[in-house]
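We count residues from 1, following the sequence as given.
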Amino acid sequence: MRSRLSNSVIRRIAACACCVFGATNAFAVENNAATIERVGNDIEYLASDELEGRGPMTEGLQKAAEFIRDEFKSVGLASGTEDGSFIQPFEIAVGTEAVKTKTWLVLNGPEEQEIKVELEEQFQPMAVGGSGSVEADIVFVGYGISAEEQKYDDYKDIDVDGKVVLMIRREPQQDDEQSVFDGKNITRHSYIQTKVQAARQAKAGAIILVNDPFSTARDEKDELSKPAAFGTNGAGIPMAHMKQAIADQLLSKAPVKSGEGETLSTVAAIEDAIDETLEPISQPIEGWTAKLEFTFETIEAKVGNVVGVLEGEGPLANETVVIGAHYDHLGYGPFGSRRPGEKA
């Protein structure tokens, strides 16, 4: 395609389309100082607080689109949309949330004992497990790990078919350089997807996950993950992330026993026992059942491509080269951010 515009104009178009990050490297820049000033001004505006991180569902993203549209117009590009607006609207999925009216978790014990677990404050359903409803006995399964190479299996000799499995996050002996789980390094057995796969293979009906005391003691907080934190693929096994305090409340009423017969009535005590012996202590939580229903919905945002056209000429005028790049970014960091707990 032969251009009707000068090389300097083409450089400006490319810089806008690519949010100006590195795009000009593809061109021979005759006036370096002028280019640096222009690109710097674009970056300063696009990265400014005014544009709010250019996240979906922010006014800043709309401002970025308008900025690119105006730049396209200024260099003589035609609109690539039928209505002449340069903006091609569409919707994208930006998250997954629980439907509050259809999401709940109740733990029931003998003698009409009941613990109604509070959504978002005490538990969070996880979209990685998917929607579903289950009512079944609760079985404690340690860390929910089945690791043949480490000769450690929380599911050995325990029937969890259709049951609600209660498990600890991450893996045993995290502070032990000699741990068979690669010392202090994290192995794949810590991954949520690995735990979900192991629970499915054991035919569990649902998963309740609690943070490991080692991490919560180190971080001095026991935080719940967002519904989409571990993915949104829906593995067909409802999963909840629950606060340690609720698990401890349950264990105080129905403690588990170590291999030596020691009574363990907190998650921290269980962690210590497994760390010491590296022996699973999986067993039913006697007399207790869980009843749950989790329902998720996809959150969509209206966004738009900014489309400008430079018509070709000559023997290849009927061919089209499409150049595309993202102009959206992380916004206030609800997902994708390296600091997901912050809104900034």
Side-chain angles (χ1 to χ4, degrees), residues 93-107 115-136 138-146 154-155 160 162-171 186 188-213 215-216 219 221-248 250 267 285 289-300 333-337 339-341:
V94 295
T96 301
E97 292 184 358
V99 180
K100 294 183 179 181
T101 57
K102 298 180 180 180
T103 299
W104 43 269
L105 170 62
V106 178
L107 310 178
I115 302 173
K116 291 184 178 179
V117 192
E118 187 176 350
L119 177 62
E120 296 181 349
E121 294 297 324
Q122 297 174 326
F123 90 97
Q124 189 74 267
M126 306 311 300
V128 67
S131 299
S133 59
V134 174
E135 182 175 5
I138 303 173
V139 178
F140 175 71
V141 292
Y143 286 85
I145 290 175
S146 185
D154 284 311
Y155 291 101
V160 299
K163 308 295 176 57
V164 176
V165 293
L166 172 64
M167 67 178 66
I168 305 173
R169 195 171 178 179
R170 297 190 172 85
E171 59 195 21
I186 293 174
R188 65 182 181 86
H189 298 292
S190 284
Y191 302 162
I192 299 301
Q193 293 284 0
T194 305
K195 293 178 183 288
V196 170
Q197 182 180 6
R200 287 193 64 193
Q201 288 179 343
K203 300 181 180 180
I207 299 169
I208 297 177
L209 177 80
V210 296
N211 287 328
D212 56 296
S215 296
T216 55
D219 300 337
K221 54 187 175 183
D222 179 20
E223 290 188 333
L224 297 173
S225 301
K226 298 296 184 182
F230 306 136
T232 59
N233 55 330
I237 177 170
M239 179 178 183
H241 191 189
M242 191 173 74
K243 287 287 186 75
Q244 277 182 25
I246 304 302
D248 286 347
L250 173 63
V267 179
I285 305 294
T289 63
K291 188 174 182 180
L292 60 87
E293 179 179 351
F294 301 158
T295 305
F296 295 95
E297 62 180 350
T298 300
I299 307 302
E300 294 187 335
F335 56 92
S337 171
R339 295 183 177 179

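Residues Phe140 and Ile168 have side chains in contact (heavy-atom distance under 4.5 Å, counting atoms from C-beta outward).
Using modelled atom types, no side-chain atom of Lys243 and backbone atom of Asn211 make a donor-acceptor pair closer than 3.5 Å. No donor-acceptor distance shorter than 3.5 angstrom exists from the side chain of His189 to the backbone of Ile145, with no hydrogens or angles considered. A donor-acceptor contact shorter than 3.5 Å is absent between the side chain of Thr216 and the backbone of Asp222. When atom types are taken as modelled, the side chain of Asp154 and the backbone of Tyr143 share a donor-acceptor pair closer than 3.5 angstrom.
Taking NE2 from His241 and NZ from Lys226, the interatomic distance works out to 12.5 Å, rounded to the nearest 0.5 Å. Once rounded to the nearest 0.5 Å, the distance linking CE of Met167 with OH of Tyr155 reads 3.5 Å. Atoms CD1 and CD, on Ile299 and Glu97 in that order, are 4.0 Å from each other to the nearest 0.5 Å. Distance check, rounded to the nearest 0.5 Å: NZ of Lys195 to CE of Met239 gives 8.5 Å. Rounding to the nearest 0.5 Å places CD1 of Ile237 at 4.0 Å from CD1 of Ile207. Note that the CD1 atom of Ile138 and the CG atom of Leu107 stand 5.0 Å from one another [nearest 0.5 Å].
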With side-chain contact (heavy atoms from CB on, under 4.5 Å) as the criterion, how do Trp104 and Lys116 come out once you've worked through the C-alpha distance, each side chain's angles and the decisive distance to 0.1 Å? CA-CA 8 Å; Trp104 43 269; Lys116 291 184 178 179; over 6 Å; no
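At a cut-off of 3.5 Å, with distance as the only test, no side-chain donor of Ser215 or Arg169 sits close to an acceptor on the other residue. Side-chain N/O atoms of Ser146 and Gln201 include no donor and acceptor closer than 3.5 Å.
Of all heavy-atom pairs spanning Gly144 and Ala198, the tightest one is O-CB, 3.9 Å. In plain terms, the two heavy atoms of Leu224 and Met242 that are nearest each other are CD2-C, 3.8 Å.
Residue Val267 forms a side chain to side chain contact (heavy atoms under 4.5 Å, CB included) with just one option from Leu250, Asp212, Asp248, and that option is Asp248.
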Solution key, residues 120-134 side-chain donor-acceptor pairs under 3.5 Å, sequence neighbours excluded:
residue: Gln122; atom: OE1; partner: Glu118; partner atom: N; Å: 2.8
residue: Ser131; atom: OG; partner: Phe296; partner atom: N; Å: 3.1

